[in-house]
Amino acid sequence: MPDRNEELRVARAAVRAAARVCRAVQQTRIDADTIEKKDKSPVTVADFAAQSIVCHGIQLAFPADLVVGEENADELRTDAQASARKAVVEHVCGELGSSVPADRVLGWIDRGGAAGDTERYWTLDPIDGTKGFLRGDQYAVALGLIENGEVVLGLLGCPNLPTPDGGRGALFSGVAGGEARSYALWDETDEAGTPVSVARVASPADARFCESVESGHSNQSDSAKIAGLLGITAEPHRIDSQCKYAAVARGDASIYLRMPTRADYREKIWDHAAGKVVVEAAGGTVSDVFGRPLDFAHGRILENNRGIVATSGAIHEEVVAAVRKVRGE
Ligand code: AMP
Ligand code: MG
């Protein structure tokens, strides 16, 4: 297995910088410059600034690497978005501690426009769970590295996730075939972190499961039926973003259910790459609702998968069987 230390170091720094920018934007009036995308989902100054910062960091360290990012700068270039553009540039310059022309800041955002059809590329969700971010709840900066269709490395920066010492903000990494670790998000000197591992539950009935806050993103009545079938009595842990994968990886929950709400929806790679490798490296298992492995060899979407089931591992087959039964398969 190749040594991933250099990629990990660069990715940790990039995700930490993006998280600082997100936190800075959260302290401003975010709504003022929030844009509605074509698919009606919101995008904020922080999504753009975070994508710019991460793509810039990757470009400096690995100039040949491409990035499949969620956002692009088309809308930001329009006259209508002059105010949002100005705010994005200010936040990026503030984080970098230098003055950079708007064109370069937007150019870095557009470095995230790769198709995901090369042997090696990064995938970035600069703010996963933008709706959670807008509510002041959970969100994540999610960065994964894909080689030959396999996620080899993933990082989750979770600025609002509670920490055991009563604070907020955690950073997770996972290396395929290696370890999952958690680090202090706001303290860059914490480069070693501590290992994290899933909570082993003897039976699914003892599990706590997590799911989306947004009922449009995951069918909550299906998951309630699945929980019933498995004998789970604990209330669902509803949190936004890939913080759900972090919750399973560090043992706050043992199951993450993402049940399709529409037959034609295909999951985006940046919504799952980092989370999947963090959970697997922590000892868990991740599949789709049929129990199939996630297939990252189809560009920007998980074409061959439907929904997500992530668990602490030993209970996986039993959980997938319940999912299939409730879905009538
Ligand atoms: P979550 O915070 O878990 O609700 O997930 C947020 C992500 O859900 C966003 O980044 C979107 O890419 C994704 N999303 C949007 N629409 C859907 C949908 N119909 N089904 C599943 N995921 C969706
Ligand atoms: Mg997302």
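As the structure lists them, so they are numbered: ligands from 1, and atoms in each ligand from 1.
Annotation for ligand 1: atoms under 4.0 Å from non-hydrogen atoms of Asp240 are 2 (O). Remark: ligand 1 atoms within the under-4.0 Å shell around heavy atoms of Thr261 are 19 (N). Atoms of ligand 1 found under 4.0 Å from any heavy atom of Ser241, numbered from 1 in the order shown, are 1 (P), 2 (O), 3 (O).
Considering all non-hydrogen atoms of both residues, Leu96 and His56 come closest at CD2-CD2, 3.9 Å.
Atom 12 (O) of ligand 1 has its closest protein heavy atom at Asp271 OD2, 2.6 Å. The protein heavy-atom contact nearest to atom 6 (C) of ligand 1 is His217 ND1, 3.5 Å. Looking only at heavy atoms of the protein, atom 1 (P) of ligand 1 is closest to Ser212 OG, 3.2 Å. Ranking protein heavy atoms by distance to atom 23 (C) of ligand 1, first place goes to Tyr265 OH, 3.1 Å. Closest to atom 19 (N) of ligand 1 among all protein heavy atoms lies Gly216 O, 3.3 Å. Of all protein heavy atoms, the one lying nearest to atom 3 (O) of ligand 1 is Lys244 NZ, 2.6 Å.
Heavy atoms of Asp128 found under 4.0 angstrom from ligand 1 belong exclusively to the side chain. Residue contacts with ligand 1, taken as heavy atom pairs separated by less than 4.0 Å, do not involve Asp39 at all.
Shown here is Asp264, whose CG atom has more than 12 heavy atoms of other residues, nucleotides or ligands within 6.0 Å. Surrounding CD of Gln59 are more than 12 heavy atoms belonging to other residues, nucleotides or ligands, all under 6.0 Å away. Around the CD atom of Glu317, the shell of radius 6.0 Å holds no more than 12 heavy atoms that belong to other residues, nucleotides or ligands. For Glu329, the CD atom is densely surrounded, since the number of other residues' heavy atoms within 6.0 Å is greater than 12. Other residues, nucleotides and ligands contribute only 12 or fewer heavy atoms inside 6.0 Å of the NZ atom of Lys325. Crowding of Arg104 atom CZ: a count of heavy atoms from other residues, nucleotides or ligands under 6.0 Å not exceeding 12.
Nearest-residue assignment for atom 8 (O) of ligand 1 (options Gln138, Glu214, Arg258, Arg266; heavy-atom criterion): Arg258.
The closest side-chain donor-acceptor pair between Glu211 and Ser218, if any, does not fall under 3.5 angstrom.
Around the Mg ion (ligand 2), the protein N, O or S atoms found under 2.8 Å comprise Asp125 OD2, Asp128 OD1, Asp271 OD1.
Ligand 1 has no atom lying under 4.0 Å from any heavy atom of Lys131. Using 4.0 Å as the threshold, Gly132 has no heavy atom nearer than that to any atom of ligand 1. The shortest separation from a heavy atom of Gln242 to ligand 1 is not under 4.0 Å, leaving the residue out of contact.
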| query | Given Asp240 and Ser212, is the side chain to side chain donor-acceptor pair (under 3.5 Å) satisfied, shown in steps? | reply | CA-CA 6 Å; Asp240 299 282; Ser212 237; 5.8 Å; no

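Checked against Val309 for a side chain to side chain contact (heavy atoms under 4.5 Å, CB included), the options Arg324, Met259, Arg258 give a single hit: Met259.
Checked for salt-bridge contact, Asp110 and Arg77 meet the test: a charged N lies under 4.0 Å from a carboxylate O. Using a 4.0 Å cut-off between charged nitrogen and carboxylate oxygen, Glu70 and Lys268 do not count as a salt-bridge pair.
In this structure, Arg23 is positioned above the aromatic face of Trp186, its NZ or CZ under 6.0 Å from the six-membered ring centre and within 45° of the axis.
Polar contact with ligand 1: absent for Ile239 (N/O pair, distance under 3.5 Å).
A ring-centre distance under 6.0 Å is found for Tyr256 and Tyr245.
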